[in-house]
Amino acid sequence: MKIAEIEKHLGKFRVGIAGAGGLGSNCAICLARSGVGTLVVADYDVVEISNLSRQYYFRDQAGMKKVLALQQNIKRINPEITVIPYQVELDAGNLPVIFKGCNLIIEAFDRADMKDMLIETVQREMPGVTLIVGSGIAGWGKSEDIKCRKIDDSLYICGDETLETSEELPPMAPRVGIVASMQANLAVELLMKID
Amino acid sequence: MKIILNNRDEVFDRDVMTVSDMITIKNFSFRLKIIKINGKLVSRDQYDSTYINDGDNVQMFYLMSGG
């Protein structure tokens with residue numbers, strides 16, 4: 001398949017992105033550049049200068065809602081991509097409504113308890129929707145520890161599964177970017193297998 | 001009993017084992033984790049009452065903050 005056909009194929013799909021921080025913003029940009037037609041992005045936060053160390057935003061977007069800033073950035077890259085922004089804190093109640101109709105969902109939260117909530121909710125209430133989770137992005141180096149693992153057809157995990165972010169082990173652009181790209185890469189792989 | 005744990009054969013020296021028992025034996029001490037048995041998610045409040053049987057396919061991973 002040539003690139004034009006690949007983009008046409010990917011254009012048919014809708015992917016949910018839960019969180020528009022380091023993983024979510026970078027993954028969304030990757031998917032948009034690949035041609036995934038519709039991206040549903042949910043996050044309650046606004047862009048802060050400190051986010052720019054790893055998140056796909058710009059200085060002049062400080063104070064903007066992340067989902068709207070991301071929509072703006074994707075539009076500048078490819079106006080053909082539809083971004084559906086939800087400035088909301090996701091919970092077990094609104095999640096199945098917001099991500100209804102998505103072929104797959106990218107888990108891109110910061111907090112581990114939110115990751116847990118999302119996995120429980122999607123696995124129990126959204127049968128048939130594949131979930132790609134990020135776990136373990138902290139610090140720098142150790143690229144060889146970052147991997148992508150299939151749990152089963154409905155659940156995949158990307159990251160080192162070991163390191164937790166802290167003051168001494170902050171999230172940084174290279175490692176966050178690797179995991180975000182791995183999540184996007186896996187999403188493209190799975191979407192390319194769908195007729 | 002013999003099970004598959006994270007895609008590897010694993011033998012436990014006992015006939016009856018709950019999810020909580022497995023967590024203790026394997027020292028899966030980190031608090032936030034996802035456990036699936038034969039593709040079915042096991043909630044945290046069911047770890048004590050859910051049994052793992054011979055031949056089961058068990059998947060476990062930790063949820064690390066950061067993203």
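What you see is a predicted model, and the numbers here were worked out from it, not measured in a lab. Here is the naming used below: chain letters follow the sequence lines, and residue numbers restart at 1 for every chain.
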Linking I/L/V/M/F/W/Y whenever any side-chain heavy atoms sit under 4.5 Å apart, do A:Leu23 and A:Tyr56 land together?
-> no

Heavy-atom distances under 4.5 Å only: say whether A:Leu163 touches chain B with side chain, backbone, both or neither.
-> backbone

Check whether A:Ser154 gets within reach of chain B through its side chain, its backbone, both or neither, counting any heavy atom under 4.5 Å.
-> side chain

So how far is it from B:Phe61 CZ to A:Glu161 CD, rounded to the nearest 0.5 Å?
-> 7.5 Å

A:Glu168, CD atom: more than 12 neighbouring heavy atoms under 6.0 Å | no

Which bit of A:Ala138 comes within less than 4.5 Å of chain B, counting heavy atoms only: side chain, backbone, both or neither?
-> neither

Tell me the residues of residues 41-48 of chain B whose non-hydrogen atoms fall below 4.5 Å from those of chain A, in number order.
-> B:Leu41, B:Val42, B:Ser43, B:Arg44

For the hydrophobic clusters of this structure (ILVMFWY residues joined by side-chain heavy atoms under 4.5 Å, transitively), does one cluster hold both A:Ile84 and A:Leu39?
-> no

Go through the atoms of A:Ile151 and report whether side chain, backbone, both or neither lie under 4.5 Å from a heavy atom of chain B.
-> both

What's the spacing between B:Met64 CE and A:Ile157 CD1 if we round to 0.5 Å?
-> 10.0 Å

If you count the non-hydrogen atoms of other residues, nucleotides and ligands that lie under 6.0 Å from NZ in A:Lys147, is the total more than 12?
-> yes

Heavy-atom contact with chain B under 4.5 Å, split by part of A:Glu120 = both

Should we count OH of B:Tyr51 as having more than 12 external heavy atoms under 6.0 Å?
-> no

Identify the heavy atoms of A:Glu164 and B:Leu63 that sit nearest to each other, and give their distance.
-> OE2-O, 4.4 Å

Do A:Ile98 and A:Ile17 share a hydrophobic cluster (ILVMFWY, side-chain heavy atoms under 4.5 Å, transitive)?
-> no

Largest heavy-atom contact set with chain B, pairs under 4.5 Å, which of A:Val133, A:Thr162, A:Val176 | A:Thr162

Proximity breakdown for A:Asp116 and chain B, heavy-atom pairs closer than 4.5 Å = both

A:Lys12, NZ: over 12 other non-hydrogen atoms inside 6.0 angstrom = yes

Most heavy-atom pairs under 4.5 Å with chain B, out of A:Arg124, A:Arg54, A:Arg111, belong to A:Arg124

Hey, any chance A:Val122 and A:Ile119 share a hydrophobic cluster, counting ILVMFWY side chains that come within less than 4.5 Å of each other, even indirectly?
-> yes

Shared ILVMFWY cluster between A:Leu10 and A:Ile29, side chains joined below 4.5 angstrom?
-> yes

Side chain to side chain contact (heavy atoms under 4.5 Å, CB included) assessment of A:Asp152 paired with B:Gln59 = CA-CA 9 Å; A:Asp152 53 45; B:Gln59 296 269 16; over 6 Å; no

A:Asp113, part contacting chain B, at a heavy-atom distance under 4.5 Å = both

Indicate yes or no: at least one non-hydrogen side-chain atom of B:Leu32 is less than 4.5 angstrom from one of A:Lys115.
-> no

Taking the side chain as every heavy atom from C-beta outward, state whether A:Ser135 and B:Lys33 have any pair of such atoms under 4.5 Å apart.
-> no

Flag if over 12 foreign heavy atoms under 6.0 Å of CG, B:Asp54 = yes

